Visitor: 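Here it is, the structure, as structure tokens.
This is a predicted model, so every value here is computed, not measured. Letters A, B, ... mirror the listed sequences (proteins, then strands); counts begin at 1.
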Amino acid sequence: MTAPAREKVRLPRLRHRSPVSWLLVVPALALLLAVHFAPQVFGGWYAFTDWNGIDISPRWVGVDNFRRLFDDDASRTAFYNTLKLAGSMVVLVNVLGLALALSLDRQLKTRHFLRALFFAPVVMSPLAVSFIWQYVFDFNGGLNRLLAWIGLDGWTRPWLGDPGWALWTILVVLVWQYSGLAMIIYLAGLQSIPEELYEASAVDGASTWFMFRTLTLPLLAPAVTINATLMLIFGLRVFDQVLGLTGGGPVNASETLATQVWKQTFQNGQYGYGAALALVLAALIATLAITQALVLRRREVA
Amino acid sequence: MAGVVFRAVGKVYPDGNRALSGLDLAVADGELMVLVGPSGCGKSTALRMVAGLEEVTEGEIAIGERTVNRVPPQQRDVAMVFQNYALYPHLSVYDNIAYPLRSRGVPRGEIRARVERTAAAMGLGDLLRRKPRTLSGGQRQRVAMARAMVREPQAFLMDEPLSNLDAKLRVQMRAEIARLQHDLAVTMLYVTHDQVEAMTMGDRIAALRKGVLQQLGTARQLYDEPVNLFVATFIGSPAMNLLRARVSAGGPSLRLTVGEQTLDVEAGRWASVRRYDGAVVALGVRPEHCQPPRTVEPTWPRLRGRVRLVETLGAEELVHLDIEGEPVLADEVLEVVEDADASMVQSLHQGAEERRVPVVARFPTEEAPAPESLIEVALRPDRLHLFDLATGAAIH
Amino acid sequence: MRRSAYTWRTFGLELLLLVVAVVFFVPFYVAAAISLKSASDVYSKPLAFPSNPDFSGYRTAWHGNASSSLGHSLVNSIVITGASVVGLVVIGSLAAYALARRPSRMSTLLYVLFLLGLIVPFQLGIVPLYVALRHLHLNQQYGGMILLYIGLLMPLSVFLYTGFIRALPRDYEEASYVDGASSLRTFLRIVFPLLRPVTGTVIVLSAILIWNDFFTQLIFLSGSRQQTLPVAIYSFVGEYVSQWNQIFAAVIISILPILAFYVVAQRQLIRGFAGGVKG
């Protein structure tokens, strides 16, 4: 007799008047609005002003800041650099990450050790490791010495000091740092493919390459989407590595939008201009990432 | 089309686990051979070795004329239907069926023709554009079969293809698969743990236990002439009744003592039974060979027992009675019983303590006895089986 | 994983991978080696490990001078990271609980709002935040940074927690409510202990993100007494340009904590990243 009566009490209680209080959300919500959304709205507004952070009120200048972005050498270079880095990162990190994952997805004796090793760079401070790589790429540093030692003198060059090479050197460090992340995401994806499908595929006569093309890749599509989106966002936001390796030079050759935001705002006192740069960066990230995700989602399967 | 031959095939895993020993089996071209046995008996392992999915550690496997031990699965020209179908989830039914043809570079036009023909034969014509996850279990099963058929391979390997279907569908598909095999005259190796399936489908049956082949023969042979306790218990439902009996073999007649009762039968059938004089053996008799004395010849030996339960099946009655005596508690018997119904093991042990053996008899409907009544059951003398309790082997 | 047999090919692949792994890590070896060399030796024989290690670089880095002391910044990093993580766990889990257990249009809307925070990059708001904190005199203070980080990473915390809580069976909570407990009490005594796995993920992910973060810390804490490890390293390197042994001593000091943490917790870390990112 008591059981049914209790049930009757339980259900209506949760439906009409949930005991879970709304108050629980308030702190999180307050912080979210205060730290994320409100500042972004203001930031968007500053972008159209020429504020220098000191004057009482900023002055509206319309789209002047944006026009300046493409006139100013440093900013224009930064804009294109950002795109180049992000694009290359997406491709290279995914290729290397996938290669590593495929290699590690089998009964190797040092499997766990290797996996931990390749993932380690992901958790390290990008700034700290950049300094180490700065030494490697320094004109008198590790790489050039190695090349000279094995007799490839002709290949030595000022990796970080040459405007043509600086950006790509940074790319190497980025790929080194993030391939491990792509790798473990691909590993998770690979492990979710049932072994039975590979067996059926083998009996059906599929060669290793055919299996990869028709079975592995399509079933990895969700992982590809995640990785591509992630790397795109990371690539567009590159900051630490640039400061750690080249400081933005030589002669602005390796500036990115993020470094420009910092420099213009906090070193040149150009708050309005800096905000405009930040707005462009934010817009780039939002539109490119969403577009890419949508495109890839459509090609995803089952 | 080709036959499949196992020559002294064994399988040992790197960790020392032995799955199969000394299997000698020849599947004729166009034959439907069923590999049956409880889980862990090695039947799936044997099948996968034919497919090339498991390495052959001992012996040889030949498909047609060639030994295929070292040949990779891709080149063996066999087709396999997996227990969980292993359909490619991201491909449509059409693409699933076409897969084995595409992997071999068959031209587009030919693929289309063959896929459509096979799909039609399996009743999948309307489903070609669908993805596996939108299909029912039975439909997926057909797609798996179509994918195997479209290649016209030398042999078909079926790994418990029906175990994920509900009972009714299973019965239907069983018949269809058998018919298909017969029409196409393809060599088929069929693995199942369901002895009913094995009995109804196979041209011949290979019963395995713990990696060793127990008996090879037709359904009739396994049913009427089981070579050991395992086969006797495993095949047939309800299972064969087994009782411990003491043998007294003097002269032309044989006396078997079960509990306080004695049975006198002709010794002729069992030439070597003299060796067991004074010893205890297992006496086996199938339920349908236990009949009410009234309806059969008066020469049939009889046993008395108390009726515990009568199940009405409509066409006949299943009479469960307890006979005073000792049940057979051999390992192979207990394993099979446990697989079928774990609680029975408990009651068998209890029976051993209380000196009673549960026996099942199939009586005609009119002869249904009342529960708790003491009745006599007549045993058909030419259908009695004797087994050596030490080896489990049938006594001949 | 592919159960294929361990053939010679597999062995060759493993060897290749080990070579790649070595290449991956040579820079660290070199950095460690150089950090222990004296100033004059730095450019000689980069691959050789010094026979008598010179720890002076480490001492300088640790104690530092007026502008940058690594030892001090380490403490700062610990305080800020620790407090922020605690805040994220507490506030985030509470909010997630409400969102997950009150299915209504309002909570869906709020959830989407948090998700948006996850996607939309925060760089745009950095200038106004700087200005605001300056106004509130929270600039260059622990409190300011902590609040900032809690806010910035809140979407991640809420996202992870909500997903997890949604999958929890409600029975124990319901029993608690029938007994008359408030939602806060129920949450603390019954739900939160069940959240151990996802709390682990939240802690691990946010701790690493905050500890390594440079951009925000550079902007807000540069030059102050509260500057954190990345900022300290940056200014240290700026001072000791090309004195690689010093620089690497500092760098090694800065990555040791994370490295130690990684060695201990790498499985949890890897699982956390893989799982967290999959959302």
Visitor: Kindly list each side-chain donor-acceptor pair under 3.5 angstrom involving residues 252-261 of chain C, sequence neighbours excluded, with atom names and distances?
Guide:
residue	atom	partner	partner atom	Å
C:S254	OG	C:V251	O	2.7

Visitor: Does A:F42 have more than 12 heavy atoms from other residues, nucleotides or ligands lying within 6.0 Å of its CZ?
Guide: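 Open.
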Visitor: What is the minimum heavy-atom distance between A:A289 and A:I233, and which atoms define it?
Guide: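 So the minimum-distance heavy-atom pair works out to CB-CG1, 4.1 Å.
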Visitor: Could you have a look at C:L88, C:V263, C:V20, C:V158 and say which one has the most heavy-atom pairs with chain A under 4.5 angstrom?
Guide: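 The residue among C:L88, C:V263, C:V20, C:V158 with the greatest pair count is C:V20.
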Visitor: Determine which residues belonging to residues 115-125 of chain A lie within contact range of chain C, meaning some heavy atom pair is under 4.5 Å apart, and list them by number or answer 'none'.
Guide: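 Residues A:R115, A:A116, A:L117, A:F118, A:F119, A:A120, A:P121, A:V122, A:V123, A:M124, A:S125 are the ones that qualify, each having a heavy atom under 4.5 Å from chain C.
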Visitor: Without hydrogens or angle criteria, can the side chains of C:Y234 and C:Q217 be said to hold a donor-acceptor pair below 3.5 Å?
Guide: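 No.
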Visitor: Which residue out of A:L32, A:I285, A:L31 racks up the most heavy-atom pairs below 4.5 Å with chain C?
Guide: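 Top option by heavy-atom pairs under 4.5 Å: A:L32.
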Visitor: Is there a donor-acceptor contact under 3.5 Å linking the side chains of C:T162 and C:Y97?
Guide: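 Short answer, no.
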Visitor: For chain A, which of C:L113, C:V90, C:D213 has the most heavy-atom pairs under 4.5 Å?
Guide: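 When all of C:L113, C:V90, C:D213 are compared, C:L113 has the most.
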Visitor: Can you say whether A:A47 sits under 4.5 Å from chain C via the side chain, the backbone, both, or neither, judging by heavy atoms?
Guide: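 Contact with chain C involves no heavy atom of A:A47 at all.
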Visitor: If you count heavy-atom pairs within less than 4.5 Å of chain A, which of C:S157, C:S104, C:A96, C:G117 leads?
Guide: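 Top count of heavy-atom pairs under 4.5 Å with chain A: C:G117.
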Visitor: Sort C:F24 into side chain, backbone, both or neither according to what part of it lies under 4.5 angstrom from a heavy atom of chain A.
Guide: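 Both backbone and side chain.
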Visitor: Within a reach of under 6.0 Å around CZ of A:F113, are more than 12 heavy atoms found that belong to other residues, nucleotides or ligands?
Guide: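 Not buried by this count: 12 neighbours or fewer within 6.0 Å.
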Visitor: Under 4.5 Å from any heavy atom of chain C, what part of A:L29 do you find: side chain, backbone, both or neither?
Guide: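 For A:L29, the contact with chain C is made by backbone and side chain together.
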Visitor: Just so I understand: if I count every heavy-atom pair under 4.5 Å between each of C:A132, C:P230, C:G151, C:P128 and chain A, which residue has the most?
Guide: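 Ranked by heavy-atom pairs under 4.5 Å with chain A, first place is C:P128.
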Visitor: Evaluate the side-chain contact (heavy atoms from CB on, under 4.5 Å) criterion for residues A:W176 and A:L96: first the C-alpha distance (whole Å), next the side-chain angles of each, then the deciding distance (0.1 Å), finally the verdict.
Guide: CA-CA 9 Å; A:W176 175 87; A:L96 186 57; over 6 Å; no
Visitor: Applying ring pair (Phe, Tyr, Trp, His ring centres under 6.0 Å), can you list everything that pairs with C:F215, at least two apart in sequence or on another chain?
Guide: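 Counting only residues at least two positions away or on another chain, C:F215 forms a ring pair (Phe, Tyr, Trp, His ring centres under 6.0 Å) with A:F239.
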Visitor: Measure C:L16 against the heavy atoms of chain A and call it side chain, backbone, both or neither at under 4.5 Å.
Guide: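 Interface part for C:L16: neither.
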Visitor: For C:F187, is it the side chain, the backbone, both or neither that has a heavy atom under 4.5 Å from a heavy atom of chain A?
Guide: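 Contact with chain A involves no heavy atom of C:F187 at all.
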Visitor: At a 4.5 Å cut-off on heavy atoms, which part of A:V129 comes close to chain C: side chain, backbone, both, or neither?
Guide: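 Side chain of A:V129 only, per the 4.5 Å heavy-atom cut-off to chain C.
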Visitor: Would A:Y186 and A:D105 count as having a side-chain donor-acceptor pair, cut-off 3.5 Å?
Guide: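 Per modelled atom types, A:Y186 and A:D105 side chains form no pair under 3.5 Å.
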Visitor: Classify the ring geometry between A:F234 and A:Y178 as parallel (under 30°), tilted (30 to 60°) or perpendicular (over 60°).
Guide: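 A:F234 and A:Y178: tilted rings.
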Visitor: First locate atom CG of C:L13, then atom CZ of A:R106, and finally report the distance between them rounded to the nearest 0.5 Å.
Guide: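 Interatomic distance, C:L13 CG to A:R106 CZ, rounded to 0.5 Å: 5.5 Å.
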Visitor: Given heavy-atom pairs under 4.5 angstrom as the criterion, report whether the side chain, backbone, both or neither of C:L17 touches chain A.
Guide: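 The answer is both parts of C:L17.
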Visitor: Using the test side-chain contact (heavy atoms from CB on, under 4.5 Å), find all partners of A:T265 that sit at least two apart in sequence or belong to another chain.
Guide: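 Residues passing side-chain contact (heavy atoms from CB on, under 4.5 Å) with A:T265: A:V261, A:Y271, C:V127.
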Visitor: Give a yes or no on whether the backbone of C:L229 and the side-chain of C:S77 come within a donor-acceptor separation of less than 3.5 Å.
Guide: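 Looks like yes, one N/O pair under 3.5 Å.
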Visitor: Given a strict heavy-atom distance threshold of 4.5 Å, which part of A:L279 is in contact with chain C: side chain, backbone, both, or neither?
Guide: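 Both parts, heavy atoms under 4.5 Å.
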Visitor: C:S107 versus chain A, heavy atoms under 4.5 Å apart: side chain, backbone, both or neither?
Guide: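 When you check distances to chain A, atoms from both the backbone and side chain of C:S107 fall under 4.5 Å.
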Visitor: With only heavy atoms counted, which part of C:I208 is less than 4.5 Å from chain A, the side chain, the backbone, both or neither?
Guide: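 C:I208 touches chain A through side-chain heavy atoms alone.
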